Amino acid sequence: MENHVKKHPGYSTYIFVWLALLAFTSITVTVAGIDLGNYTMLVALGIAAIKSVLVINIFMHIKYEEKIFKVFLLLSLFTLLSIFILTLFDIIYR
Amino acid sequence: MANGKDTVAENFYNQSTNKHTGILSWLLTVDHKRIGLMYLYAILTFFVVGVIIGLLMRLELIAPGRQLMDAQTYNALFTLHGVIMIFLFIIPGLPAIFGNFFLPIQLGARDVAFPRLNLLSFYVYLAGAFLALLSLFLPGGPIDTGWTFYIPYSVRSTTNVSLAIFAAFVLGFSSILTGINFVTTVHRLRAPGMTFFKMPLFIWATYATAWIQIIATPVIGITILLVMVERAFGVGIFDPALGGDPILFQHMFWIYSHPAVYIMILPAMGVVSEIIPTFVRRTIFGYKAIAISSLAIAFVGYLVWAHHMFTSGMSDTARWIFSLLTFIVALPSGVKVFNWVATMYKGSIDPKPPFLWVMNFIFLFSIGGLTGLVLGSLATDIHLHDTYFVVAHFHYVMFGGTGTIFFAALHYWFPKMFGKMYNDRLARIAVVLFFVGFNLLYFPKFILGYMGMPRRYYDYLPQFEPLQFVSTVGSWILAGTIFFIIGYLIHALLKGKKATSNPWGGVTLEWHIPSPPPLENFKEIPTVTHEPYDFSQLKEMKDE
Ligand code: HEM
Ligand SMILES: [Cu+2]
C-alpha cells in the first residue's frame, strides 16, 4: 500500500530479538522450577506477554504497518483481556 | 446490461480461470463463484449424511428398549451427527457457500482478495472432512464423546478421539482462511462509492462473522492440541486424575463454541435482511442499527460462554455473572427482529418462496431464542441442563434458524447461481411440510426434557414413549421434505425455465448482472450511488 515504504528493520534487529526471545524462554523454564505460589501464573503470563509484543511488533511487522492493523490488533487484545477477566471470576472464587 | 435475453452469453460456467476444461477446470478454479458452488455440493452432501444419521437415531428411539442398535453405536452416531452438523454443515454453510458467491458481487468486486487462498480453504475443508471420515474406520472405532469432547471422558475413551478432534482442528483452519479473505475483501475491494454504510446487510453480517472466525477459532485449535498432548503423553492439563482442571477445558471449549453459534446465525440474519426488503419493496428499517448490531453481537458474543457450564462446578460468582451477561446478548438480536418487522409494516408484501422461508425462520428462531433465555437463567437451567429441552432448543436455533435460512438463501439466489427457475408451487408446499415436520420432530423434545428425559441416551422410561413416537414421525416428514426440496431443485437445474437477471426485483448489485454471472462478474466495475435498498432504482434497472 501507499505508506508501506516505512523502514523495515535490518538483520541485526531480527537476531537481537531472536536472542531476547531465547533468553526469555530460558527464564520461563528456570522460573518454573522455583515455587512462587500464587504468582507462578502471573510471572509466566508476564514473560509470555513480553515475548508476544516482540514477535508481533518486529517479526510480524505490525510496528511498521498502517494504523488500521493496530486498531484491529488492539480490539482483539481487548477481547482477549475480557475473556481472561471473566475466566478469573471462576478461578478466583471457586 | 443483460435483459435476460442474452443468457447464452458468457458466464462462469463456460469461462474458466485456468487452461483446463471439464472437471479439472473446476477443481483448480480460483473463481469465487465456482468455489462457492463446490462448497455447496460438499456441504449439502454432508448435510444429507447428517440427516440420515438423525433418522437412524430417531428410529432407535421410536420405542423403549433396543430397536436397531446397541448403546455404543448410538453414542457414536450422536457424536458423528453432531460433528457433521456443526463442523461440516452449519459453521461453514452460509459464509463458504453464499458468502463466497455473493460477497464479492454485492461489493462490486471481481473476486475475493485472495482467490488462491480461497481455493486452499476449500481443500483444507475437504482434508478435515476426510480425517473425520478416516477416524470412523481405523481400529479403535468411531469417537463416542459427543461433539463437545468433554474431559475427562475424551482423554480416557479408547476410541479414535485424537484423530477426530484433529479433524476439527483442520476444519478450523479452513474457517480462519475464509474469515481472513472476507475481511480483506471488504476493506480493500469495495467498488467506488460503496462506503461501509452503503454495503448490503449480508456483507455486514458476513464481515462481523469473519472477525469471529479469525479471533475465536484459534482458541478451539489450541484446546484440541492440548487434549491431544494430554492423550498422547499423559500431561495433566485437563484430566483431574493427572492433576489437571476439567472445568478449564469447558471454558476453553465454549470460549470458541459460543462465539461459533454467532458464526452460524449472523450470516443467516444477513440473508434475512436481504430477502425482506426485496419482497416487501421497501428499504430496510433501521439500516445502521442492523449493521452495527451485527458487530455488537460479534463482540458481546465473546462474553457469555460459561452459560453452558452452570452445572459444571464453576464458582457461584461466575454463574450469576454469566447468567446476567447472557441476557444482554438478547438485546442486539432483538434490535434486528424489531427492525425486520418494522420493515414489513405497510410494505407491499409479495410472499414468494424465499420470503416464506424467512417467515419460517422468524417463527422457529424466536422459539429457539426465547427458550435460550430459559436456559440462560441460572435457576431454570439447573433443572433443564443436559435434557431434551436443550436438544430441542439448539435444533430450533441452529436448524430452525440457520438451517431454515440455508434453504431461504438457496431459494433466493438459486436463479442467480444457476440461471434457472424452480417450480413456485412445489417450493411453497415444501415450506409448509418443513414447518409441520420440524415442529412434530422437535417440539415434543421440549416437553420430554421438561419431564426429565436426559439427552444422549439410546433408551428411555416407558412414560416418554408417546412423545418420542411423535418425534420420530416428525423426523420422517422433515427428512422427506428435505429430499423433496433437493429433488425439485435438481429438476429445476435440468428442466427449469431460464431465469432473468432479476426475477424477484432486488436492487443489490447481484441483480444488476446476468444470471448466471459472467466470470469476474462485471464488464465494468460499477460506481455505487444508491443506498443499498433504494427501490427507486428498479425503474432505471429495467432499461439497463
Ligand atoms: C432431520 C434432521 C435431524 C434429525 C432427525 C436430528 C435428530 C437428532 C437426535 C435424535 C439427536 C440426539 C439427541 C440425544 O440423544 O441427545 C440429535 C443431536 C444433535 N443434533 Fe440433530 N437432528 C437433525 C438435524 C440437525 C441439524 C440440521 C443440526 C445442526 C445444524 C443438528 C445438530 C445436532 C447436534 C449438535 C446434536 C448434539 C450431538 C451431541 O449430543 O453431541 N441436528 N439430533
Ligand atoms: Cu452459548
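No experiment lies behind these values; they were computed from the predicted model shown. To find a chain, count down the sequence lines: A is the first, B the second, and so on, and within it residues start at 1.
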Trainee: Does B:Phe299 reach the side chain of A:Phe78, with side-chain heavy atoms less than 4.5 Å apart?
Mentor: yes
Trainee: Relative to chain B, which segment of A:Ile92 carries a heavy atom at a distance below 4.5 Å: side chain, backbone, both, or neither?
Mentor: neither
Trainee: So if I apply the side chain to side chain contact (heavy atoms under 4.5 Å, CB included) rule between A:Arg94 and each of B:Thr317, B:Asp245, B:Asp316, which one comes out positive?
Mentor: B:Asp245
Trainee: With B:Ser315 as reference, evaluate A:Leu88, A:Ile91, A:Asp90 under the side chain to side chain contact (heavy atoms under 4.5 Å, CB included) test and give the passing residue.
Mentor: A:Asp90
Trainee: More than 12 heavy atoms of other residues, nucleotides or ligands under 6.0 Å from CZ of B:Phe173: yes or no?
Mentor: no
Trainee: Under 30°, 30 to 60°, or over 60°: which ring-plane class applies to B:His187 and A:Phe72, parallel, tilted or perpendicular?
Mentor: perpendicular
Trainee: Counting only heavy atoms not in B:Phe196 (residues, nucleotides, ligands), do more than 12 fall under 6.0 Å from its CZ?
Mentor: yes
Trainee: Name the region of B:Ile215, side chain, backbone, both or neither, that has any atom closer than 4.5 Å to a heavy atom of chain A.
Mentor: side chain
Trainee: Counting heavy atoms not belonging to A:Phe16, are there more than 12 under 6.0 Å from its CZ?
Mentor: no
Trainee: Once you round to the nearest 0.5 Å, how far does CD1 of B:Ile255 lie from CG of A:Leu80?
Mentor: 8.5 Å
Trainee: Please classify the contact of B:Ile214 with chain A as side chain, backbone, both or neither, using a heavy-atom distance under 4.5 Å.
Mentor: neither
Trainee: A quick test of your reading: do over 12 heavy atoms of other residues, nucleotides or ligands sit less than 6.0 Å from CZ of A:Phe59?
Mentor: yes
Trainee: So which residue, B:Leu325, B:Val183, B:Leu248, B:Leu303, ends up with the most heavy-atom pairs under 4.5 Å with chain A?
Mentor: B:Leu303
Trainee: Would you mind reporting whether B:Val304 and A:Leu86 have side-chain heavy atoms less than 4.5 Å apart?
Mentor: no
Trainee: Please report the shortest heavy-atom distance between A:Ile83 and B:Trp305, naming the atom on each side.
Mentor: O-CH2, 3.5 Å
